[in-house]
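Atoms considered below: every heavy atom in the structure, side chains included; atoms not considered: hydrogens, waters and symmetry mates. The sequence lines fix the lettering, A, B, ..., with proteins before strands; numbering per chain opens at 1. Bear in mind that the values here come from a model prediction, so they are computed numbers and not experimental data.
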Number of protein chains: 2
Amino acid sequence: MTDTVVSSARKEIVIGFERPFVLIGERINPTGRKVLAREMKTGNFKRVESDAVAQVQAGARMLDINAGIPLADEPAILAKSIQLVQSITDVPLCIDSSIVAALESGLSVYQGKALVNSVTGEEERLETVLPLVAKHEAAVVAISNDETGISEDPNVRFKVAKKIVERAADYGIPVADVVIDPLVMPIGAMGSAGRQVFSLVRWIREELKCNTTCGASNISFGLPNRNGINGAFLSMATGAGMTSAITNPLHPEVVQSIRAADVLMGHDKDCAGWIRAYREPPPAHLAEAATGGGRRGRRRRRAVG
Amino acid sequence: MTDTVVSSARKEIVIGFERPFVLIGERINPTGRKVLAREMKTGNFKRVESDAVAQVQAGARMLDINAGIPLADEPAILAKSIQLVQSITDVPLCIDSSIVAALESGLSVYQGKALVNSVTGEEERLETVLPLVAKHEAAVVAISNDETGISEDPNVRFKVAKKIVERAADYGIPVADVVIDPLVMPIGAMGSAGRQVFSLVRWIREELKCNTTCGASNISFGLPNRNGINGAFLSMATGAGMTSAITNPLHPEVVQSIRAADVLMGHDKDCAGWIRAYREPPPAHLAEAATGGGRRGRRRRRAVG
């Protein structure tokens, strides 16, 4: 039973073995989003704001913030984005950069306990990111690759994860504050990618007692009907013990799969969340009577097939 | 690695640990279908035929045939239904009745190796159904309840399953021909129902080396958006090692969840089945060129979100 507690100034979220799955919204990331990259670079954060609000409304319980734009002042843009998003939402954030100065800049303005994304098993990264995480008493995503790259061998990936957990402990970072990303490969390129993740998650949970996360959408890279694969992957990963993922909450199928997995794991007490999300609207004449008339279809709900 | 081989006169299907999941179509069952019950009772089998064809087209790899109609000649109706369905489809059938005389009648006309649905751990049932299964060299679904009813304790359910496997062996029925149904309770009534099934499936597979099946739709009884729960349940059960289920293939979400789980378990080689099912149609001008023109929209495919 491991609980990773993260927070904003006003709200705490717990990623935990016996907790509802934590969906971390992935959209605020200029990688592959040219318009967003251009806007962020020129100081226009309107889309960052609207993406933040839309993702939280759609079911994200945390948001990942990435400002990786070539030839831009990433530390300044990341800090600015974090401040803006924290001013309009109260979900805890995942501060995402491959540049240590940007992580530092982001952490310096962040209100609450952030999740730092990420440290790897590379020596240089361990030695720069972990002290920063320790100094700010943050939590950290540990990605199980190192100087040799991403191994296709799950044993190697487990060993890298274990090394990071041990090194984090040397800096005073407890196991509960290390969230491991076992790395998700595209299933279209590697048929064992799904089962590798499921068994690694179980193993990490049982032996290292760590929470887990991943960039879930990668599993379906190159395939048609990606949300169908992504949704089943998230349900199955939850069944294997995964406790959070960085993914896109704007796809209703993805959110539904996570909600259903929470129900099936017994993490949605009395199915209350599911019923709230998917109950059918009352018949029109009752709805009108209840609201004083006229506003039919005000609350659109998904039809049950 | 256990393979349960069933067949019709012309086709073999294997339910197995390293095989694609076998969806057994549940629709030909008059329980709760008044119109179908009335028709079957009066010798009108048109709906039985159309339901058979529709389920196979939708992705069922076997069909369950049940003729449990109060005050009707169940043995005769079941035999007639089986003969008709075998004359128009080539998928193997699951002969489903709580009346031993009906199972006997069904088996006597069945062409191929059937799956008998079902035996329980009740003494009287063991002693009448197992000899019949052995005589016809069929396979059998073993439901893990006994005279004391359905236990809420997974340990008891496992023991009942084990007893059935042992008794089957006494009659010369091999482990591979016993497909265990661990019993699925409604998650709305029992929050642990999902995890119970997942752990029982793993346990049955590891210790008894048996294939598994279940009446999957029961999990969502009483909840809104049942297909959302059913789909996630089927993906997660597959992740836990379940190898077949009796369910409704006419819900595209359910079939999609099973196909996605096959991909993620590495049981859909090169994702070929998934790509065939969900690839986007070629642009209209290319489709027209290829077909000699004009028939736009002939093959409707699901849009990718």
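Residues satisfying the side chain to side chain contact (heavy atoms under 4.5 Å, CB included) test with B/Ser151, not counting sequence neighbours, are B/Asp153, B/Val156, B/Arg157.
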In sequence, state the C-alpha distance, the side-chain angles, and the governing distance for B/Arg195 and A/Glu18, and then conclude on salt bridge (Lys or Arg N to Asp or Glu O under 4.0 Å).
CA-CA 12 Å; B/Arg195 286 169 91 156; A/Glu18 295 303 330; 2.9 Å; yes
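Among A/Gly266, A/Gly228, A/Ala260, the residue with the largest count of heavy-atom pairs under 4.5 Å with chain B is A/Gly228. Listed options B/Ser235, B/Ser257, B/Gly239, B/Ser220 were ranked by heavy-atom pairs under 4.5 angstrom with chain A; first place goes to B/Ser235. Highest contact tally toward chain A, considering only B/Ile187, B/Ile219, B/Val197, is held by B/Ile187 [criterion: heavy-atom pairs under 4.5 Å].
By the neighbour-count criterion of 12 heavy atoms within 6.0 Å, atom CZ of B/Phe17 is densely surrounded, having more than that number from other residues, nucleotides or ligands.
One distance of note links CG of A/Leu264 with CG of B/Asn230; it measures 9.0 Å at 0.5 Å rounding. Atom OG of B/Ser192 and atom CE of A/Met265 lie 12.0 Å apart (nearest 0.5 Å). Atoms CG and CZ, from B/Leu223 and A/Arg279 in turn, are 13.5 Å apart once rounded to the nearest 0.5 Å. Put simply, CD on A/Gln256 and CD on B/Glu253 are 5.0 Å apart, with the number rounded to the nearest 0.5 Å. A distance of 12.5 Å separates CG of B/Asn227 from OH of A/Tyr278, quoted to the nearest 0.5 Å.
Looking only at distances, a side-chain donor or acceptor of B/Trp274 sits under 3.5 Å from a matching main-chain atom of A/Pro224.
In this structure, chain B has a heavy atom under 4.5 Å from the side chain of A/Phe198, while its backbone stays farther away. Looking at A/Leu234, there are no atoms closer than 4.5 Å to chain B (heavy atoms on both sides), in backbone or side chain.
Of all heavy-atom pairs spanning A/Cys271 and B/Gly188, the tightest one is SG-CA, 3.9 Å.
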